[in-house]
Amino acid sequence: MRQLQLLDMTGMQDDGLEREPDSMSLWSSTVALSKACIDISRRHSENVLRMTKRRKGSRDATFTARPLVSSVFVEVRVDLFVNSTSYGVLREALLISSHSPLRFQCRDLRAEELSLQSTAGLLELLNPAGVRKIDLRFNNLGLPGLNVLLPLMTKFTWLKSLKLPYSNIDIKRLSPEMEEGLQTFTSQIGQLRALQELNLGSSRLSGRLRQLLGGLQTPLESLELAFCYLLPMDLYYLSKSVHVFTLKKIDLSGNNLSEILLQPFLQLLTEVSPTLMHLDIMECRLADAHLSIIMPALCRCLCLRYIGFASNPVSSQGLKTFLQNSVRLPELQQVVYPFPVDCFSDDIPSTRCTFAKILYDEEKVKQVAIALQEMLVRAQRSDIVWTTDMYQETFMDYLNY
């Protein structure tokens, strides 16, 4: 009788999107699988002990001399999401996984709000084979902490994605000691030879992008630099780097693209147009006039599937103009747009829709949404989803392309 050898449970997204009522989140499935591994291992040990005791009573001394080790196990491929609440149970499961009937093989690891010691402990326990993504966020590690963790990641030879948002990296003004720490960081990032995706969001990287990316072994396919206080020299470097030939996803949200960054951003858009699929420029202070300037370069990005420009000061007419132009993009699937500035109201009741501490007239917002939908129908592009919901983003795994 053939035994189950592999159980693949990867691909359970948990990125803020709405789930079915009966579905399980990635955090919950991580806890459930960890408890199952611990329970099955305990029962297996009890069975081994029981059988060993029976055999000790046997007259066959040669048989009892051999240790009873089960060779039957199931490899469970999983994506893991751990925080301070679930750390203990996952650590216990990983400790026993190597000799348990359920043996974890982690594909993607996401860890939030963990101490440096706890994060390092988890990385040391992971089986190196098959790990492709590590996402460490809200951990406040800083450069010193990351420099402790990065050497532990070099064993993951297939690591394609490293996300370090909200890690408290501030390299805008460095002391000589911190300058040395930055050099260590860039050197260690360069040791991740399969890296294709990098997220350094919410870090102060002003003027340092060349130094951070220059040592990478392979060109990136995804680069997220939201709220990174970028300077023109950073975007000019990126537009002339080897990465522009491969970039499929760029996130520049939270950087002010309306002033000195506008021209270098236009140059970057032009350079990445053959490959770009996903563009996030939310909260970049872009008004109607800026979108008009950007649109010709954007319309050359024929592979573009997703555009997010929420939280920008755009009018209803500006949205309509943007839609009229963007429907020309043949692959476009989703647009996340801002509440129009002409829908603001200080007089409506507080029970109405609120966003970023500004009150919106729900009726006006609804009318704009209807008008946009009608325009999509007339353009025969009702396949494009236009929404103000930033959490309705369609999940696209660029690492599989």
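Both tests do not hold together for Arg137 against Tyr166: distance to the six-membered ring centre under 6.0 Å, angle to the ring axis within 45°. Cation-pi geometry between Arg210 and Tyr237 is not met: the NZ or CZ atom fails to fall both under 6.0 Å from the ring centre and inside 45° of the normal.
No donor-acceptor pair closer than 3.5 Å links the side chain of Arg193 to the backbone N or O of Gly190. Counting only distance, with no hydrogens or angles, the side chain of Ser382 and the backbone of Val377 share no donor-acceptor pair below 3.5 Å. Checking side-chain atoms of Thr186 against main-chain N and O of Gln183 turns up a donor-acceptor pair under 3.5 Å. With hydrogens and angles disregarded, a donor-acceptor distance shorter than 3.5 Å links the side chain of Thr246 to the backbone of Leu220. Of the possible polar contacts, one joining the Asp234 side chain to the Leu231 backbone as a donor-acceptor pair under 3.5 Å is found. A donor-acceptor contact shorter than 3.5 Å links the side chain of Arg381 to the backbone of Leu329. Although no hydrogens or angles enter the test, the distance criterion places a donor-acceptor pair under 3.5 Å between the side chain of Asn312 and the main chain of Arg285. Distance alone, capped at 3.5 Å, places no donor-acceptor pair between the Ser167 side chain and the Ile169 backbone.
From Gln324, atom CD reaches atom CG of Leu376 across 11.0 Å, with rounding to the nearest 0.5 Å. A distance of 4.0 Å separates CZ of Arg110 from CZ of Phe81, quoted to the nearest 0.5 Å. Rounding to the nearest 0.5 Å places CG of Leu162 at 13.0 Å from CD of Gln196. In this structure, the separation between CD on Glu221 and CG on Leu198 is 13.0 Å, given to the nearest 0.5 Å. Atom-to-atom distance recorded for Leu200:CG and Leu146:CG is 9.0 Å, nearest 0.5 angstrom.
Between Phe344 and Tyr360, the distance separating the two ring centers is shorter than 6.0 angstrom. Ring to ring, Tyr337 and Phe322 are not that close: their centroids are 6.0 angstrom or more apart.
Among all heavy-atom pairs drawn from Ala371 and Lys320, the shortest one is CB-CE, 4.1 Å.
For the side-chain contact (heavy atoms from CB on, under 4.5 Å) with Leu298, the lone residue among Leu291, Leu279, Asn325 that qualifies is Leu279. The only member of Arg77, Lys163, Arg132 that meets salt bridge (Lys or Arg N to Asp or Glu O under 4.0 Å) when paired with Asp108 is Arg132. In summary, of the residues considered (Asp251, Asn255, Leu286), a side-chain contact (heavy atoms from CB on, under 4.5 Å) with Ile281 occurs for Leu286 alone.
Counting only N and O atoms by type, the side chains of Asp288 and Ser315 include a donor and acceptor under 3.5 Å apart. The closest side-chain donor-acceptor pair between Gln263 and Gln267, if any, does not fall under 3.5 angstrom. Inspection of the Gln191 and Thr154 side chains reveals no N or O donor paired with an N or O acceptor under 3.5 Å. In this structure, a donor-acceptor pair under 3.5 Å is present between the side chains of Glu197 and Ser161.
Counting heavy atoms from C-beta on, the side chains of Ile134 and Leu149 never come closer than 4.5 Å. Within the 4.5 Å cutoff, no side-chain heavy atoms of Phe104 are placed close to those of Leu126. Side-chain contact check for Lys35 versus Val89: some heavy-atom pair is nearer than 4.5 Å.
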Begin with the C-alpha distance, continue with both residues' side-chain angles, and end with the deciding distance and a verdict on salt bridge (Lys or Arg N to Asp or Glu O under 4.0 Å) for Arg208 and Glu179. CA-CA 11 Å; Arg208 298 289 189 146; Glu179 191 73 46; 2.8 Å; yes

